[in-house]
Chemist: 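I am attaching a structure below and will ask some questions about it afterwards.
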2 protein chains.
Amino acid sequence: MASDRRSARDARSSVWLSDRPAPAAGKEQPHGLRLDKIVDATVRLLDSEGLAKVSMRRLAAELGVTAMSVYWYVDTKDDLLEMALDQVHEEIGLPDEAADWRAALRELACEHRGMLVRHPWVSPLAGEFLNVGPRALAFADRAQRAIRGSGLPDGSWMGALALVFQFTYGFGTVEGRWRERCRTSGVSEDAFYGEVMGRLARRPEYAESLATVRARGERTVAAMRERDFEFALDCVIAGITAMREAV
Amino acid sequence: MASDRRSARDARSSVWLSDRPAPAAGKEQPHGLRLDKIVDATVRLLDSEGLAKVSMRRLAAELGVTAMSVYWYVDTKDDLLEMALDQVHEEIGLPDEAADWRAALRELACEHRGMLVRHPWVSPLAGEFLNVGPRALAFADRAQRAIRGSGLPDGSWMGALALVFQFTYGFGTVEGRWRERCRTSGVSEDAFYGEVMGRLARRPEYAESLATVRARGERTVAAMRERDFEFALDCVIAGITAMREAV
DNA sequence: ACCTGAACACCGTTCAAGT
DNA sequence: ACCTGAACACCGTTCAAGT
């Protein structure tokens with residue numbers, strides 16, 4: 001519980017790997033504070049204000065309490081962010097255990113991307129921390145059961161998973177950041193895309209490059225994105241299928 | 001030039017998309033300051049101290065100048081970081097134009113990963129900014145020429161590139177962060193890996209999951225990483241090859 | 001044209017004190 | 001056991017002033 005806290009957060013550790021029991025809910029306190037309420041408030045604040053704007057003081061204000069009260073429940077801001085990071089992994093829907101490996105991988109990839117896009121602050125945190133909380137591990141676990149059914153030799157399992165989920169991580173990161181940028185500046189995605197393309201087109205050296213980008217032939221940013229994501233997923237599945245015999 | 005600066009950095013823009021000419025070197029000033037020297041110093045500081053530790057005051061100290069001097073050459077810290085971000089893209093070696101598409105994509109993927117690992121601060125910045133500086137575009141441009149030779153229908157080009165380079169982005173991000181963590185805490189990668197695995201093994205619910213991770217059968221973290229990366233690349237190439245007829 | 005110093009409105013966190 | 005207030009050592013940036 002909160003009373004015996006880890007002394008300091010050393011550079012290589014994680015809340016989830018401490019020797020203490022995992023951060024638990026506990027019972028309601030006089031001021032209505034409780035670890036899980038604090039984490040929920042953190043997630044809400046991250047969603048509405050973005051990672052850069054979230055501070056311990058701002059969060060405390062949201063909870064109707066002083067900044068230092070939060071430190072009774074949490075050792076450092078990083079620990080709190082790590083808990084918020086794991087928290088949103090609960091949103092990732094896990095495919096039915098009976099699903100075949102292709103369907104399962106596809107569903108997990110879509111769910112992963114969706115979570116990253118709904119919470120653009122997740123990407124930097126997932127890159128910074130180990131991301132070994134219980135919900136993140138349940139997701140990783142399901143992915144591993146999926147790849148075990150692919151027919152790949154077991155030495156290739158982790159490589160294949162890295163391909164799928166590092167791809168969704170990168171794709172979701174860029175997509176989420178792009179959409180957030182448009183949202184906060186009140187510009188439609190298509191208008192912003194047109195603006196960026198127009199400015200790049202003024203540099204003659206990138207003419208050929210822009211032609212490649214435009215070759216998708218879709219009219220909206222959203223349509224191009226779906227096309228790219230779908231094709232990439234098809235490509236991965238086809239690649240795994242082909243590699244089953246290749247090794 | 002520095003004298004007529006952009007007024008303020010609006011949420012959706014980038015130094016590279018401003019109406020003004022691209023940030024240029026200019027000539028040496030009395031105090032030895034110059035934009036390119038400032039950017040170089042920023043890169044060095046980011047490499048040695050990490051993104052979190054780099055501040056305008058710290059950078060200025062490194063340059064033997066007060067914090068506010070830097071603001072003569074740069075509008076905001078974000079603009080400066082964007083220039084540092086583009087700067088390191090110069091390290092990415094571009095394959096010979098005669099190389100076939102497979103060799104070219106492989107080389108670009110390896111170079112991209114290498115850059116990300118050498119500069120772990122690049123990942124968060126590449127996620128945050130548009131990354132449309134001249135060096136980043138030259139890299140993107142070469143990748144587009146490579147995929148054009150793959151035989152894929154042109155509507156799939158961007159999807160295939162997204163797959164390759166979002167994967168290398170995610171892979172390089174995790175690898176770089178992991179190595180930095182080990183470096184700053186003075187633990188070997190293998191010792192740290194053993195520690196994390198040991199702690200996860202105490203949770204019985206992840207037994208099957210850990211078995212999957214261990215199936216790679218390599219003895220060092222470095223060897224596992226190379227195996228995963230190689231397999232993922234093979235898989236992408238095989239996938240693209242297979243998709244040429246599929247569409 | 002270039003650089004400085006003081007100031008403003010913030011941070012995360014420590015520590016002693018309150019109830 | 002839980003919460004507060006003051007303080008410390010920082011931030012990015014503005015602004016008026018120096019040379």
Side-chain angles (χ1 to χ4, degrees), chain A residues 1-11 15 23-38 41-42 45-46 49-84 125 128, chain B residues 1-11 15 23-38 41-42 45-46 49-84 125 128:
Chain A
M1 271 292 323
S3 56
D4 54 349
R5 4 230 267 261
R6 295 187 302 125
S7 57
R9 173 182 242 268
D10 65 13
V15 234
K27 66 187 224 294
E28 184 100 12
Q29 294 312 131
H31 283 74
L33 241 46
R34 221 173 45 196
L35 184 56
D36 61 332
K37 284 193 161 191
I38 293 174
T42 307
L45 199 57
L46 286 162
E49 305 285 327
L51 183 55
K53 292 267 182 64
V54 168
S55 73
M56 296 301 270
R57 290 173 224 259
R58 184 92 174 65
L59 171 66
E62 215 76 23
L63 290 162
V65 101
T66 67
M68 295 320 299
S69 303
V70 180
Y71 279 97
W72 181 257
Y73 299 85
V74 144
D75 275 350
T76 65
K77 186 187 182 186
D78 275 359
D79 279 6
L80 181 55
L81 291 176
E82 227 187 324
M83 294 183 226
L125 296 185
E128 185 176 349
Chain B
M1 274 292 322
S3 56
D4 56 349
R5 2 229 268 261
R6 296 186 303 123
S7 57
R9 172 180 243 269
D10 64 12
V15 235
K27 66 186 223 296
E28 184 101 12
Q29 293 312 132
H31 283 75
L33 241 46
R34 221 174 44 197
L35 184 56
D36 61 331
K37 285 193 162 191
I38 294 174
T42 306
L45 200 55
L46 285 163
E49 305 284 327
L51 183 54
K53 292 268 181 64
V54 168
S55 73
M56 296 300 270
R57 290 174 224 258
R58 184 93 172 65
L59 171 67
E62 215 75 23
L63 291 162
V65 102
T66 67
M68 297 319 300
S69 303
V70 180
Y71 279 97
W72 182 257
Y73 298 86
V74 144
D75 275 350
T76 64
K77 186 188 182 185
D78 275 0
D79 279 6
L80 182 55
L81 291 176
E82 228 187 323
M83 293 183 229
L125 296 185
E128 184 176 352

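In what follows, every chain begins at residue 1, and chains take the letters A, B, ... in the order their sequences are listed.
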Chemist: Look at all strands and tell whether B/V54 reaches a base, only sugar-phosphate, or nothing, counting heavy atoms closer than 4.0 Å.
Modeler: sugar-phosphate
Chemist: Measure from CG on B/L51 to P on D/dC11 and round the result to the nearest Å.
Modeler: 13 Å
Chemist: Using whole Å, what does the distance between atom P of nucleotide D/dA6 and atom OH of A/Y71 come to?
Modeler: 18 Å
Chemist: Taking the side chain of A/T66 as heavy atoms from C-beta outward, which of C/dT13, D/dT4, D/dC11 is closest to it?
Modeler: D/dT4
Chemist: Is B/L81 close to B/L46 at the side-chain level, that is, under 4.5 Å between some pair of heavy atoms?
Modeler: yes
Chemist: If you look at every strand shown and take non-hydrogen atoms under 4.0 Å, does A/S69 touch a base, only sugar-phosphate, or nothing?
Modeler: base
Chemist: Nearest 0.5 Å, please: how far is CG in A/D36 from OG1 in A/T42?
Modeler: 11.0 Å
Chemist: How about B/L59 and B/K77: do any of their side-chain heavy atoms sit closer than 4.5 Å?
Modeler: no
Chemist: Given C/dT4, C/dC11, D/dT4, identify the nucleotide with an atom nearest to the side chain of A/R57.
Modeler: C/dC11
Chemist: Rounded to whole Å, please give me the gap between CG in A/L59 and P in D/dC3.
Modeler: 13 Å
Chemist: When Watson-Crick pairs (N1 to N3 and N6-O4 or O6-N4) and G-U wobble pairs (N1-O2 and O6-N3) count only below 3.5 Å on both distances, what is the dot-bracket string of DNA chain D, with | for other-strand pairs?
Modeler: ||.|||||...|||||.||
Chemist: Could you give the CG-to-P distance, from A/L63 to D/dC3, as a whole number of Å?
Modeler: 11 Å
Chemist: Rounded off to whole Å, could you give me the CZ-to-C1' distance for the B/R58 and D/dC10 pair?
Modeler: 13 Å
Chemist: Can you name the closest pair of heavy atoms from B/R58 and B/K53 and give their distance?
Modeler: CG-O, 4.2 Å
Chemist: From C/dC11, D/dG12, D/dC2, pick the nucleotide closest to the side chain of A/Y73?
Modeler: D/dC2
Chemist: From C-beta outward on B/T76, which listed nucleotide comes closest to its side chain: C/dC3, D/dT13, C/dT13?
Modeler: D/dT13
Chemist: Measuring from atom CG of A/L80 to atom CD of A/E82, what distance do you get when rounded to the nearest 0.5 angstrom?
Modeler: 10.5 Å
Chemist: Roughly how far apart are A/L63 CG and A/R34 CZ, rounded to 0.5 Å?
Modeler: 12.0 Å
Chemist: May I have the distance from B/R34 (atom CZ) to C/dC2 (atom P), rounded to whole angstrom?
Modeler: 13 Å
Chemist: Quick one, A/M83 and A/L35 - any side-chain contact, counting heavy atoms below 4.5 Å?
Modeler: yes
Chemist: Within the 4.0 Å heavy-atom criterion, would you say A/M68 contacts the bases, only the backbone, or no part of the nucleic acid?
Modeler: base
Chemist: In whole angstroms, how far is the P atom of C/dA1 from the CG atom of B/L35?
Modeler: 17 Å
Chemist: Can you tell me the distance, in whole Å, between the CG atom of B/D78 and the C1' atom of D/dT13?
Modeler: 12 Å
Chemist: Under 4.0 Å between a side-chain N or O of B/W72 and OP1 or OP2 of C/dC2?
Modeler: yes
